[in-house]
Amino acid sequence: MQQRYNYAFFDEASKREIRRALIKGVSIPGYQVPFASREMPIGRGWGTGGLQITLAIIGPDDTLKVIDQGSDDSVNAVNIKKLVVDTTDVEVTDDTEEATLIQSRHRIPERPLDDGQILVLQVPTPEPLRSFEPSEAATKRLHAEADYTGAWLELFDQIVRYDATTTGADHPVLVNGRYVMAPSPIPRFDNLKLNQARHLTLLGAGREKKIYAVPPFTDVVPLDFEDYPFAVERFDGKRCRRCGATGVYLDELVDEATGETYYQCNDTSWCARVPNGDSPHVGHRAQRREEGAPHA
């Protein structure tokens, strides 16, 4: 590696400041911790929050994976990997199982993550109350008082209008029975992967200068009503045309030659590795859970 920057781009004081915010976020699950978001060689809104977390915690022995909406090869994912590798010389991989540090935009990998792995999610809008309360001072007070009436009313309004909650992504969740949190714009399909997960999840919003976290084995419950329970996107009767997998998040695509609608795994790494027709919960990590590995 040609040493043109300090290791991992930032000076050591900047990395310590970000790590202090991370420690507070892990100690208070779901709480948004302000931090001094640094200028980055990429535009705000393109993953600067997640990238700052990655650069602050990455070490020489880490193996990095970066995905953007399920793809390891998108322009955003490739450029982030290039910046990290140029300033750290760490190994990169497309294999979820091999990665110790995974930075992602809009998706959680299909393969269940394990202890020892860290998931970093990029977040555009960290405040789950922002859609009905524009004042930062007011949202801070609402969180302090655990007054989430507005979040419930917003979901209730959707039910009155459409007979269902219509949050396609970023459905609000209650973390550790205390803070309502925006889980980043992951699909509803991925929300339940945060509940009692074995891995640490770190969320960073560079433009909004906020960091928050979900520690391992923490309750993460989507907001819903008894008579209108939370439901994920369904793909009944659908399977990936490429690998045949079912029970995963699928993209609906159109064959330009025939005009036929078909489905394909959104997680390209999973699609490339999964045996034909397997479910996403096979593999030694999932087997350890089924064999009685403790959840707490």
Side-chain angles (χ1 to χ4, degrees), residues 47 50-51 53-55 57-74 76-78 80-82 84-85 88-122 183-184 186-187 189-203 213-218 220 232 235 239-240 242-251 264-296:
L51 181 55
I53 292 175
T54 295
L55 293 171
I57 65 175
I58 198 166
D61 297 329
D62 278 310
T63 301
L64 176 69
K65 174 182 171 71
V66 181
I67 56 179
D68 184 351
Q69 298 197 30
S71 173
D72 294 87
D73 301 319
S74 73
N76 196 35
V78 170
I80 287 175
K81 277 187 282 192
K82 186 176 186 303
V84 177
V85 170
T88 64
D89 207 27
V90 297
E91 296 292 328
V92 295
T93 183
D94 290 347
D95 188 344
T96 302
E97 196 166 19
E98 290 180 357
T100 58
L101 183 58
I102 301 167
Q103 181 172 331
S104 176
R105 173 176 177 259
H106 293 188
R107 281 306 314 277
I108 296 176
E110 298 293 351
R111 181 175 291 278
L113 304 183
D114 209 343
D115 47 1
Q117 293 183 293
I118 298 175
L119 175 66
V120 178
L121 291 176
Q122 302 168 202
S184 97
I186 56 176
F189 191 90
D190 286 348
N191 271 28
L192 300 180
K193 296 178 184 178
L194 293 171
N195 184 52
Q196 287 293 313
R198 300 178 65 89
H199 66 276
L200 169 64
T201 302
L202 305 174
L203 303 98
V214 178
F217 308 115
T218 299
V220 179
V232 303
F235 301 96
R239 63 174 54 242
C240 176
R242 180 181 178 190
C243 71
T246 59
V248 297
Y249 191 80
L250 298 172
D251 288 333
Q264 187 167 308
C265 292
N266 175 267
D267 186 337
T268 56
S269 173
W270 169 259
C271 192
R273 290 180 54 84
V274 67
N276 189 53
D278 274 353
S279 78
H281 301 295
V282 298
H284 79 268
R285 297 189 191 281
Q287 289 170 0
R288 284 174 55 184
R289 294 188 186 184
E290 294 169 0
E291 291 166 2
H295 282 252

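All values reported here derive from a predicted model rather than from experimental measurement. Just so you know, residue 1 is the first one in the sequence shown, and it goes up from there.
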- request: With sequence neighbours left out, write down each residue that passes salt bridge (Lys or Arg N to Asp or Glu O under 4.0 Å) with D62, or none if nothing qualifies.
  value: none
- prompt: Considering the options I57, L119, V214, L121, which one meets the side-chain contact (heavy atoms from CB on, under 4.5 Å) requirement together with L202?
  reply: I57
query: So V90 and L101, side-chain contact (heavy atoms from CB on, under 4.5 Å) or not? Walk me through it.
result: CA-CA 11 Å; V90 297; L101 183 58; over 6 Å; no
- prompt: Would one find more than 12 heavy atoms of other residues, nucleotides or ligands at under 6.0 Å from atom CD of Q69?
  reply: yes
message: Quick check for you: to the nearest 0.5 Å, what is the distance between S71 atom OG and N76 atom CG?
response: 10.5 Å
field: Donor-acceptor side-chain pairing of R107 and N266 below 3.5 angstrom
entry: yes
query: Is the closest basic N to carboxylate O distance between D68 and K81 below 4.0 Å?
result: no
- line: When every non-hydrogen atom of G47 is compared with those of Q122, the smallest separation belongs to CA-NE2, 3.2 Å
message: Looking at every non-hydrogen atom in both residues, tell me the closest pair between P215 and L200 and how far apart they are.
response: CA-CD1, 3.9 Å
field: Spatial distance of atom CH2 (W270) from atom CZ (R111) [nearest 0.5 Å]
entry: 5.0 Å
task: Could you list the residues that satisfy side chain to side chain donor-acceptor pair (under 3.5 Å) with D73, not counting sequence neighbours?
output: none
task: State which residues pass side chain to side chain contact (heavy atoms under 4.5 Å, CB included) with V232; sequence neighbours excluded, sorted by chain then number.
output: F189, L192, F230
task: Please round to the nearest 0.5 Å and tell me the distance separating atom CG of L194 and atom CG of D190.
output: 8.0 Å
- prompt: Any ion pair linking E97 and K65 (charged N to carboxylate O, less than 4.0 Å)?
  reply: no
query: Roughly how far, to the nearest 0.5 Å, is the CD atom of E91 from the OG1 atom of T63?
result: 6.5 Å
query: Looking at CD1 of I118 and CD1 of I53, how far apart are the two atoms once the value is rounded to the nearest 0.5 Å?
result: 10.0 Å
query: Considering only heavy atoms from C-beta outward, does the side chain of N191 approach that of V220 to under 4.5 Å?
result: no
task: Run through D94, T100, D95 and flag the one making a side-chain contact (heavy atoms from CB on, under 4.5 Å) with E98.
output: D95
- request: Find out whether Q103 and I58 are in side-chain contact, i.e. whether some heavy atom of one side chain is under 4.5 Å from a heavy atom of the other.
  value: no
query: Hey, is the main chain of G244 close enough, under 3.5 Å, to the side chain of R239 for a donor-acceptor pair?
result: yes
query: Are any non-hydrogen side-chain atoms of S269 and I67 less than 4.5 angstrom apart?
result: no
message: Under the criterion side-chain contact (heavy atoms from CB on, under 4.5 Å), I'd like the reasoning laid out for L113 against I102: C-alpha separation, chi angles, the key distance, then a yes or no.
response: CA-CA 10 Å; L113 304 183; I102 301 167; 3.7 Å; yes
field: Exercise: identify the closest heavy-atom pair between C265 and C240
entry: N-SG, 3.4 Å
query: Do any N or O atoms from the side chain of Q117 and from the backbone of T96 form a donor-acceptor pair under 3.5 angstrom?
result: yes
message: Measuring from atom CG of D115 to atom CZ of F217, what distance do you get when rounded to the nearest 0.5 angstrom?
response: 6.0 Å
